[in-house]
Amino acid sequence: MKKSLILILIIISILTFSQTFKLEKVLGFSDISALTFKDGYLLLGTGNGEIIVYKDGSYYRAFKVHDNRVNEVTFENGFIVSASDDKTVGVTNLETGEIKLLKGHMKGVSSVAVAGSKILSASFDGTVRVWSFPDGGEISSQKLGPSVVQIAAYENRYVVGLANGLALIRDLSNQSFSIPLKAHPEGIKKIVFSENGQLIATCGGNTVKVWNASNGNLVLQHDHVITVNDLAFLDNDDLIFVADDYKAVVLNIQKNEVVKSIDAHNNFVLFVSSDDGSIATYGMDKTVKVWNANLELQYSLYGHQLSVNTVALSSDRKFIVSGSDDREILIWNTEKGIAEHRIKALSGVRKLLTVENNIISCLDSNQLKIYNLENGKLVKRIKVGTTSTMDIALQNDRMAVGFYDGSVALFRYPSFEEIWRKDTEHEMIQTIDMNNKFIAFGVSYSDPKDKIGYVEVLSADTGERVFLLEGHRGNVNAVKFAGDFLVSGGEDGKVILWNLDTGSKVKEIYLNEPVSSLFVDEKELFVGTWNGSIKIFAFPDLTLKTSLKASDQKIGHFIKVGNHLVVPCGDGKIRILVEK
């Protein structure tokens, strides 16, 4: 009997959690921590362990490889090799998506290099480990110092940079071979080999140095006016470096002469990489730029810099529109996976709706702005109140607006003729939704401690109160109508299902993490949280079907399109998840 009961529970568990989603696409980047450009692929490592890949200027793939910051990423023979603060080396098959994590380092892995059939990894634990490539079997390990911050390799020769600013030229075939380099007492930022392996370039402080790879002799020293952050060889005669003065500088090695210098970004330039005459740079302006060999800009890739709060989809599904705390609205080409238009909204973007060829934006201001979906041009600006709009909802030809001062207004759409306006006597309206009969809103407070989390239901025709629902504590962050029900979610971690006939509570569940957003379809309730989780419940019985981690930060107003979830995240990215 006991065994039968256990078997039944296992079967129920399998059925309950059979629905799973996997990461299909990541739009944008806000936390690039590593960059490389090789064989036509642009690879970006991020602060939360993702690797995003572009090819020929279009989005290609994304992988969640590590649990922490990616410190370096490289690409060889179809495999992405990455170093991370999570103490692992990642080996990712670009085509199949298979990921291997190589474990052995006791602290974060600072740098990786691939030389022939070997991977070399350097770590803050002071060791260099050698692994077979690409299967990842460990070959050897050697302690070289208190902390190894950089490594580069060419065939059997490799160079390690130590935390004290010294570098060592080593040889895999001769462990006793070691040539010390007094490189950069301020710390070594990068080490690279030339294409033919005869030269080694290093940077640190405001200095670039080039060394003979055979004997360690200093070939040149170039002093820049400010900190140099990264460098790469363009060929055997020229290298490029980027610096805190916003510049990308091409340096001829034989002449120790600057060939070209440009203002590459409008803030510090952090990374540079070169591939077959093309150059990629990334700066503190959170933009990747790709240049030709003459440093003429070919194209730019960009995303949101701060939390993405909302997304909307065009009716033909060709465009995704996103709004952020960075005061920008981006229009994404869904096929290419890149932002084609950047709209300066001039205020934080709380909510977006798409209607026909228009984007309706709810901004942290007393205005709504309407933009053309195809070109991003401003079509109309409508003043709807005297304080900031917090949320909007559209039902047929009527639009409900909730305001920071606690008022609610109803307008005709698209004329924006005011039908009625009501002071609810609450502190502020955090979230609003409407159907043909009702308008519902959730209340928020500047200091929510020990406050009742009110949900109020109004008549859409008159604005008169129908129900005052008390079930939450603190801010109510999301409300959604679903047939004969209303669903609310709060910072108290509760999700409550309300009966719209009686105003009574049907069911309540507790998530143990604050609710940030809700989405309901016919059979499922999707709940986003402030901790980056999405929990999916059967609807309306609210039994948990599955739970997934989409981000490390807040989930904004997301949408479901077919078997895809389009999820705006607090780390500045939009993640598209597909049901498996």
Starting at [atom1] of [X], measure out to [atom2] of [Y] and round the result to the nearest 0.5 Å.
| X | Y | atom1 | atom2 | answer |
| --- | --- | --- | --- | --- |
| R342 | I329 | CZ | CD1 | 13.0 Å |
| E24 | E579 | CD | CD | 12.0 Å |
| N206 | D244 | CG | CG | 10.5 Å |

Do F124 and H105 have ring centres separated by under 6.0 Å?
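That pair fails the under 6.0 Å test.
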
Under 6.0 Å between ring centres, would you say that holds for Y60 and Y41?
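Between Y60 and Y41, the centre distance is under 6.0 Å.
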
Got a donor-acceptor contact below 3.5 angstrom from the N71 side chain to the V109 backbone?
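Judged by distance alone, yes, a pair lies under 3.5 Å.
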
With distance as the sole test, does T310 use its side chain to make a donor-acceptor pair with the main-chain N or O of L352 at under 3.5 Å?
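Looks like yes, one N/O pair under 3.5 Å.
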
Could you go step by step and tell me if E328 and H304 meet the side-chain hydrogen bond (donor to acceptor under 3.5 Å, both in side chains) rule?
CA-CA 7 Å; E328 292 187 340; H304 287 293; 5.0 Å; no

Salt-bridge contact K247-D263 (side-chain N to carboxylate O under 4.0 Å)
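Result for this pair is yes, salt bridge flagged.
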
Taking C-beta and beyond as the side chain, do [X] and [Y] meet within less than 4.5 Å on heavy atoms?
| X | Y | value |
| --- | --- | --- |
| Q142 | Q175 | yes |
| L166 | H184 | no |
| I51 | V73 | yes |
| V89 | R129 | no |

Any chance you could lay out the side chain to side chain contact (heavy atoms under 4.5 Å, CB included) test for L168 and L181, step after step, and finish with the verdict?
CA-CA 6 Å; L168 300 173; L181 308 175; over 6 Å; no

Shortest non-hydrogen separation from [X] to [Y] and the atoms involved:
| X | Y | answer |
| --- | --- | --- |
| S361 | Y371 | OG-CE1, 3.6 Å |
| S30 | G572 | OG-CA, 3.8 Å |
| N266 | D285 | OD1-CB, 2.8 Å |
| I574 | W332 | CD1-NE1, 3.5 Å |
| I191 | G161 | CD1-N, 3.5 Å |
| V70 | S82 | CG1-CB, 4.3 Å |

Among R69, K573, K64, K25, which one satisfies salt bridge (charged side-chain N to carboxylate O under 4.0 Å, His left out) with E50?
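Testing each of R69, K573, K64, K25 against E50, the sole residue satisfying salt bridge (charged side-chain N to carboxylate O under 4.0 Å, His left out) is K573.
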
Salt bridge (Lys or Arg N to Asp or Glu O under 4.0 Å) between D135 and K100: does it pass, once the steps are laid out?
CA-CA 8 Å; D135 60 273; K100 294 178 183 177; 6.0 Å; no

Do any side-chain atoms of residues 74-81 form donor-acceptor pairs under 3.5 angstrom with protein atoms, and if so which ones, sequence neighbours left out?
{"unit_1": "E76", "atom_1": "OE1", "unit_2": "K38", "atom_2": "NZ", "d": "3.3"}
{"unit_1": "E76", "atom_1": "OE2", "unit_2": "K38", "atom_2": "NZ", "d": "2.3"}

Going by the angle between their ring planes, with limits at 30° and 60°, are F21 and F526 parallel, tilted or perpendicular?
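Taking F526 first and then F21, their aromatic rings stand perpendicular (interplane angle over 60°).
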
N358/L373 under side chain to side chain contact (heavy atoms under 4.5 Å, CB included): CA gap, chis, key distance, verdict:
CA-CA 5 Å; N358 288 328; L373 182 58; over 6 Å; no

Between N252 and Q254, does the side-chain hydrogen bond (donor to acceptor under 3.5 Å, both in side chains) criterion hold? Intermediate values first, please.
CA-CA 6 Å; N252 181 271; Q254 288 187 349; 5.9 Å; no

Face-on cation placement of R170 at F177 ring, 6.0 Å and 45° thresholds
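Here R170 fails the 6.0 Å and 45° test against F177.
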
Result of checking V250, V249, V269, T207 against F241 for side-chain contact (heavy atoms from CB on, under 4.5 Å)
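Between F241 and the candidates, side-chain contact (heavy atoms from CB on, under 4.5 Å) is satisfied uniquely by V249.
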
How far apart are the C-alpha atoms of I576 and I320, what are their side-chain angles, what is the distance that settles it, and do they pass the side chain to side chain contact (heavy atoms under 4.5 Å, CB included) test?
CA-CA 11 Å; I576 300 178; I320 292 171; 3.9 Å; yes

Could you please spell out the steps behind the side chain to side chain contact (heavy atoms under 4.5 Å, CB included) verdict for D171 and N156?
CA-CA 5 Å; D171 197 294; N156 281 330; 3.6 Å; yes

